[in-house]
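Below, all heavy atoms of this structure are taken into account, side chains as well, without hydrogens, waters or symmetry copies. Numbers for residues simply follow the sequence, beginning at 1.
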Amino acid sequence: MGKAKSKSVPVRLQRVLDEAEVLFAQEGFLHFSTDELARRLRCSKRTIYAVAPGREKFFEAVILHRVGKAEDATIAPLRDAPTVQAAVQGCINVSVEQAQESTPLFMRDVMLFPAGRRAVDKWRADIADELEHVIERGIAEGLFRKIDPRVAAEALLTSVVRVCESDFSSKSHTTTAEAVRQVYEIFWAGLFRGRRYAKRVHRIREGRQVAAV
């Protein structure tokens, strides 16, 4: 019985983390009290404290859970794609999908929450490392203009974070997901050399549409 009980705890806590991640992505999180969290997540306060010792530590645990999954999903196509073009397409597909799953409320609370801002900064640094390698490869293959890969990677990710922020979204005439897609396409189109970029971006768009189906 003791072993069965110990095995059930991680599964229960994982469910709470997963459901809290979805809840936070849709509604934000800074306004939640511990009592409200327990009610919305259909668990006891003791379960919440088993995940993290306190309300703000619980927020941090959920954010790290979500950002960690997002980072892994973004890095995978950048590392595993057989070509630069496939890496670009995969990067756009994953980033747009992630933007569709969150509201500006979540990003607002993340940026207001110190641990959330640190998580975003780490995400940006880690993804920049991977993008830098892709850009270096594109330059070496003669696909991209000769530009500092780190500058390009940081510029792209800073722009992506910016269009996800709530004050930008409130003034924009497009969805956050569409804004993210446009940032990526503008960025990659600017890197491809000469007139060839138009055909490559067109192929990227076609690949994204096929993936969506």
Side-chain angles (χ1 to χ4, degrees), residues 17 20-32 56 59-79 81 84 87-136 138 144 147-192 201 204-205 208:
L17 273 173
E21 177 190 336
V22 175
L23 176 65
F24 287 12
Q26 294 302 311
E27 300 183 23
F29 57 89
L30 289 178
H31 60 288
F32 285 124
E56 292 196 352
F59 292 164
E60 182 175 356
V62 176
I63 291 168
L64 292 177
H65 181 60
R66 181 172 183 79
V67 172
K69 290 200 307 185
E71 181 175 317
D72 290 343
T74 304
I75 286 176
L78 292 174
R79 284 184 178 173
V84 171
V88 171
Q89 178 181 315
C91 184
I92 294 176
N93 290 344
V94 170
S95 299
V96 171
E97 181 179 345
Q98 290 172 356
Q100 290 172 334
E101 295 174 351
S102 298
T103 65
L105 292 174
F106 175 70
M107 195 62 180
R108 179 203 64 188
D109 284 0
V110 166
M111 300 307 283
L112 288 173
F113 188 54
R117 184 176 286 274
R118 289 193 297 271
V120 170
D121 288 342
K122 181 181 183 302
W123 170 88
R124 181 167 52 202
D126 292 345
I127 301 301
D129 289 342
E130 301 300 327
L131 282 171
E132 187 175 0
H133 295 320
V134 172
I135 295 168
E136 286 174 344
F144 293 160
I147 190 171
D148 187 312
R150 193 71 192 188
V151 171
E154 291 286 355
L156 168 61
L157 295 173
T158 299
S159 298
V160 168
V161 171
R162 176 66 186 124
V163 300
C164 291
E165 292 178 344
S166 59
D167 64 320
F168 179 91
S169 299
S170 65
K171 298 174 184 176
S172 176
H173 298 296
T174 188
T175 64
T176 299
E178 177 62 16
V180 168
R181 182 190 66 78
Q182 290 184 20
V183 166
Y184 272 102
E185 289 190 350
I186 290 169
F187 169 79
W188 292 117
L191 279 190
F192 280 115
V201 171
I204 290 168
R205 287 176 178 168
R208 188 182 64 252

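- Looking at Phe113 and Ile63, their side chains come closer than 4.5 Å, going by heavy atoms from C-beta outward.
- A donor-acceptor pair under 3.5 Å is absent between the side-chain atoms of Thr176 and the main chain of Gln100, judged by distance alone.
- Contact annotation: the side chain of Arg162 never approaches that of Val183 to less than 4.5 Å [non-hydrogen atoms, C-beta and beyond].
- Enclosure of atom CZ in Arg117 is not indicated, since only 12 or fewer non-hydrogen atoms of other residues, nucleotides or ligands lie within 6.0 angstrom.
- Closest approach of Glu132 to Ala153, counting heavy atoms only: N-CB, 4.2 Å.
- Counting only heavy atoms from C-beta outward, the side chains of Val134 and Cys91 never approach each other to under 4.5 Å.
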Kindly determine whether Asp121 and Arg118 satisfy salt bridge (Lys or Arg N to Asp or Glu O under 4.0 Å), including the steps that lead there. CA-CA 5 Å; Asp121 288 342; Arg118 289 193 297 271; over 6 Å; no
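- The backbone N or O of Asp126 lies less than 3.5 Å from no partner atom in the side chain of Glu71, so there is not a single donor-acceptor pair.
- Between Ala81 and Ala87 the shortest heavy-atom distance is CB-N, 3.3 Å.
- Using bins of under 30°, 30° to 60° and over 60° for the plane-to-plane angle, the ring pair Phe24/Phe32 lands in the parallel bin.
- When all heavy atoms of Leu156 and Tyr184 are compared, the pair lying nearest together is CD2-CE2, 3.5 Å.
- Counting heavy atoms from C-beta outward, Ser102 and Arg66 have side chains that approach closer than 4.5 Å.
- Residues Arg108 and Leu105 form a side-chain contact, since some pair of their non-hydrogen atoms from C-beta on lies under 4.5 Å apart.
- Between Val160 and Phe187 there is no side-chain heavy-atom pair separated by less than 4.5 Å.
- A heavy-atom distance below 4.5 Å is found between the side chains of Pro77 and Val94.
- For Ser170 (side chain) and Asp167 (main-chain N/O), a donor-acceptor pair under 3.5 Å exists by modelled atom type.
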Go through Phe59 and Asp109 one step at a time and tell me if the side chain to side chain contact (heavy atoms under 4.5 Å, CB included) criterion holds. CA-CA 10 Å; Phe59 292 164; Asp109 284 0; over 6 Å; no
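- Judged by distance alone, the side chain of Gln26 and the main-chain N or O of Glu101 form a donor-acceptor pair under 3.5 Å.
- Using a 4.5 Å cut-off on side-chain heavy atoms (C-beta onward), Trp123 and Val161 make contact.
- For Asp129 and Arg124, the salt-bridge test fails: no basic side-chain N is under 4.0 Å from an acidic carboxylate O.
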